[in-house]
Amino acid sequence: MSEQKIAFYTGPAGGWGALRSVTNTLLHQDIPVKGARTLLSANQPDGFDCPGCAWPDRNHASTFEFCENGVKAVAAEATARRAGPELFARHTVSELAAQSDFWLEDQGRLTHPMVYDAASDRYRPIEWDAAFALIARHLNALPDPNQAIFYTSGRASNEAAFLYQLFVREYGTNNFPDCSNMCHEPSGSGMYPQIGVGKGTVTLEDFEQADAIFIFGQNPGTNHPRMLGELRAASRRGARIVSFNPLRERGLERFQDPQDKLEMATLGSTPISTHYFQLRGGGDLAAVKGMMKRLLERHEAGEQGVLDQDFMAAHTIGFEALAEDLRAESWDLIVEEAGLTREQIETAADVYAGARNAIVCWGMGITQHRHSVATIQMLVNLLLLRGNIGRPGAGACPVRGHSNVQGDRTMGIWEKPPARLLDRLQQVFGFEPPRAPGVDTVEAIRLMLAGRGKVFFALGGNFAAATPDTYETWKALRQCDLTVHVTTKLNRSHVVHGREALILPCLGRTEIDMQAAGPQGVTVEDSMSMVHISMGINPPASEHLLSEPAIVARLAAATLGARSRTPWLWMVEDYARIRDKIEAVFDDFKDFNARIAVPGGFRLRNPASEREWNTASGRAAFFTHAVPRDTPVHRARRAMREQRRDTIVFTLLTTRSHDQYNTTIYGMDDRYRGVYGQRRVVFIHAEDLRALGLRDGEQVDIHTVWDDGQERRADGFRLVAYDIPRGCLAAYYPETNPLVPLSATAIAAGTPTSKSIPVVLTPHESAA
Ligand SMILES: Nc1nc2c(c(=O)[nH]1)N[C@H]1C(S)=C(S)[C@@H](COP(=O)(O)OP(=O)(O)OC[C@H]3O[C@@H](n4cnc5c(=O)[nH]c(N)nc54)[C@H](O)[C@@H]3O)O[C@H]1N2
Ligand SMILES: Nc1nc2c(c(=O)[nH]1)N[C@H]1C(S)=C(S)[C@@H](COP(=O)(O)OP(=O)(O)OC[C@H]3O[C@@H](n4cnc5c(=O)[nH]c(N)nc54)[C@H](O)[C@@H]3O)O[C@H]1N2
Ligand SMILES: [Mo]
């Protein structure tokens, strides 16, 4: 591990640094040779889908798409390290719980199903059948199926997710919290009523034809490195790339393509953003409103072609209300809340108006706010004003996180299932599905805290670390009668457990999945609705592992018994049988098995991208929103002023380092931001440091300003003077999750507002 230092990085993203990092990663996982072979099969027609991000691949083409962080994701799974029964015999669970998140996962792949033994405070091995019987006993003893909670993380394949939602609904609940609730939920909530789909409307081909690409609140250099390939190509043919981000992210500035021999040899690189707007955290709605106001002003000054009036007349409703609201909006308020000058906002608008085709991308910098749904609707408004949906080179591109998070939702992992899905399940499987909505992630925590959530089951993920209000969440999990985790590696959620607890180790996507009918592939859907097959190539990490579909099927058979007419065990003998059932439930999956036999798979239909609007009015709808002036940050600042305290209330945004995959910490560096050997850092503007009377490098404690009387703090963060707007702070997740109140959620989506937490800083009180 590197020594602790802060050393600002001036090179491009990618380049030799990325290659060095890959070598170190493979060495750390003890797999130099095997790792390399495994990587050559990632995203190939006959290989596995990279378990990293959801960015699509070019037709699963035959050239290896290099991606530093894809390598880390694959290597983490293909590691030679093992966390077997010996590890659990050596350590009590209390001892394991004292270890860091990094240490827990670094023990390697889990090899045996394990059960918690309270007498010895240890996990010990258990047979699979006994494990399923234990879960079935708990589930069947609950007086109400709504006391069970079934979490999903977005790595589960379509086949696993489909069986899972079917099992849980046959069991009797829609309690499906999932990682999406903390991620792109607001994108779906915003887009559905507006354009009738909750997914992106673009494909990779559109990126080749766009004249302008707008990137709001996304850090592709770290989280979707393969996207830099598209951006680089766009930049080279002269497209405008406009970034809105409080931080200057390296990957949005320059990229050196490790696959380009000339660029590597000459140390050349390609600029990415032509325009970079360092707006205030949470300032996007105001900025986009300003852009639209500018377009309207130009239009009303008589300029032709600023707005696409033909498109609006034929396809939209609500423009007049929006226009009226834009006219009435004050530039002063827009400028104040966006944290950009009027000239900057006008420049952005003019770039947009000058582009024939434009794409708008967004990530967590947009979705994890109080007003995220409204902000997303403003982004879609912006697209609609110039007819930038439903034609080549244009559209909406919410960039998804987990590699199959979009597919899981398509398969019905949804706490608020549409009636048509339930009707179809009823027809195809002959049972009465529950109709009442279930709980999302935050509601699930509340349900457990209230003592009405008693069994917690997780298909992947790390609920204890990924969710907000960490200590409340831990209390919630510890109150459960039973917690169960289907997982590949040891993590926090296994050591913060219910009275009884199980760890069920499963195959990873890189591994050969052998069933009665032979080796099986699974399908996934990427961020652009492309569905394709993924085949593992490595031998399983242990002979005791089961696949996720097999775990769900055997659990369903054990729990439902003769109550269910579904042929659970028969379906998992050959996953083509599961796909036939998926086809029977979802019209879009017609000829499913045949269509995934084609390399690259197929694209699910996206009506909005064909200008068919499945909305209430049958048209695309403009939505009007006020610039938010009453967020928790505004309120906290007002309260400080009223109490005549000069304490600075900051907006804390929590983000990912270059060396992590969500709660999985690969290493302690964040190369592009110049941080090495540590994670407890907080980025701050130099003027704010001075105003606080603190120095760069000093340690502080962070406290949330929230009006529920509960103290929330995270201690011992090193201040790093950084290029960030005044009044904003940035720090890494999950260390900062104790600061996010459970009640801090997005309006109309329930997503924790992890990018806008009102906080104050105090000098660190050392424990000594
Ligand atoms: N290597 C790697 N890949 C990943 C992941 C990972 O952890 N590691 N996670 C996966 C998952 S699940 C997801 S959802 C995605 C996440 O990918 P991203 O969406 O890129 O997520 P973050 O790193 O949380 O932060 C996004 C960016 O938002 C900016 N930002 C913060 N607040 C604001 C704001 O108010 N306005 C604007 N305009 N910008 C803001 C931050 O500075 C940061 O650059 O990546 C996926 N891919
Ligand atoms: N403060 C703050 N909180 C956040 C965010 C933020 O930006 N800031 N981001 C949010 C977002 S966008 C998301 S998506 C969530 C992520 O929440 P989760 O999806 O719950 O978390 P992960 O860290 O991705 O889960 C990692 C674990 O998944 C398990 N795993 C890995 N591969 C497999 C597999 O193939 N099968 C199974 N069964 N298990 C596997 C491993 O045990 C690993 O420890 O966190 C959210 N939380
Ligand atoms: Mo995510």
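By convention here, the first residue in the shown sequence is residue 1. Quick caveat: nothing in here was measured; it's all calculated off a predicted structure. In listed order, ligands and their atoms are each counted from 1.
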For [X], take its heavy atoms, then give the atoms of ligand 2 lying under 4.0 Å from any of them.
X	value
Gly460	37 (C), 38 (N), 39 (N)
Tyr151	17 (O), 18 (P), 19 (O), 20 (O)
Asn491	27 (C), 42 (O), 43 (C), 44 (O)
Glu105	43 (C), 44 (O)
Cys506	36 (N), 37 (C), 38 (N)

Are [X] and [Y] within salt-bridge range, i.e. N to O under 4.0 Å?
X	Y	value
Glu735	Arg679	yes
Arg629	Glu337	no
Arg409	Glu185	yes
Lys489	Asp106	no
Glu525	Lys199	yes

Arg726 CZ: over 12 foreign heavy atoms closer than 6.0 Å
yes
Which protein residues come within less than 4.0 angstrom of ligand 1, counting heavy atoms only?
Cys53, Asn69, Cys183, Gly217, Gln218, Asn219, Thr222, Asn223, His224, Phe244, Asn245, Pro246, Leu247, Glu249, Leu279, Gly281, Gly282, Asp284, Gly363, Met364, Gly365, His369, Gly401, His402, Leu653, Thr655, Arg656, Gln660, Tyr661, Asn662, Lys755
Using the test ring-ring contact (aromatic ring centres under 6.0 Å, His included), find all partners of Tyr276 that sit at least two apart in sequence or belong to another chain.
none
Considering both backbone and side-chain atoms of Thr467, is one of its nitrogen or oxygen atoms within less than 3.5 Å of a nitrogen or oxygen in ligand 2?
no
Decide whether an N or O pair under 3.5 Å exists between Val486 and ligand 2.
yes
Among Phe456, Phe463, Phe457, which residue satisfies the ring pair (Phe, Tyr, Trp, His ring centres under 6.0 Å) criterion with His485?
Phe456
Tyr672 vs His658 aromatic rings, parallel, tilted or perpendicular, using cut-offs 30° and 60°?
tilted
Fit a plane to each ring of Phe150 and Phe176, take the angle between them on a 0 to 90° scale, and name the class: parallel (under 30°), tilted (30 to 60°) or perpendicular (over 60°).
tilted
Backbone, side chain, both or neither: what part of Asn737 comes under 4.0 angstrom of ligand 2, heavy atoms only?
side chain
Look at ligand 2 and say whether Arg509 reaches it with a heavy atom at a distance under 4.0 Å.
no
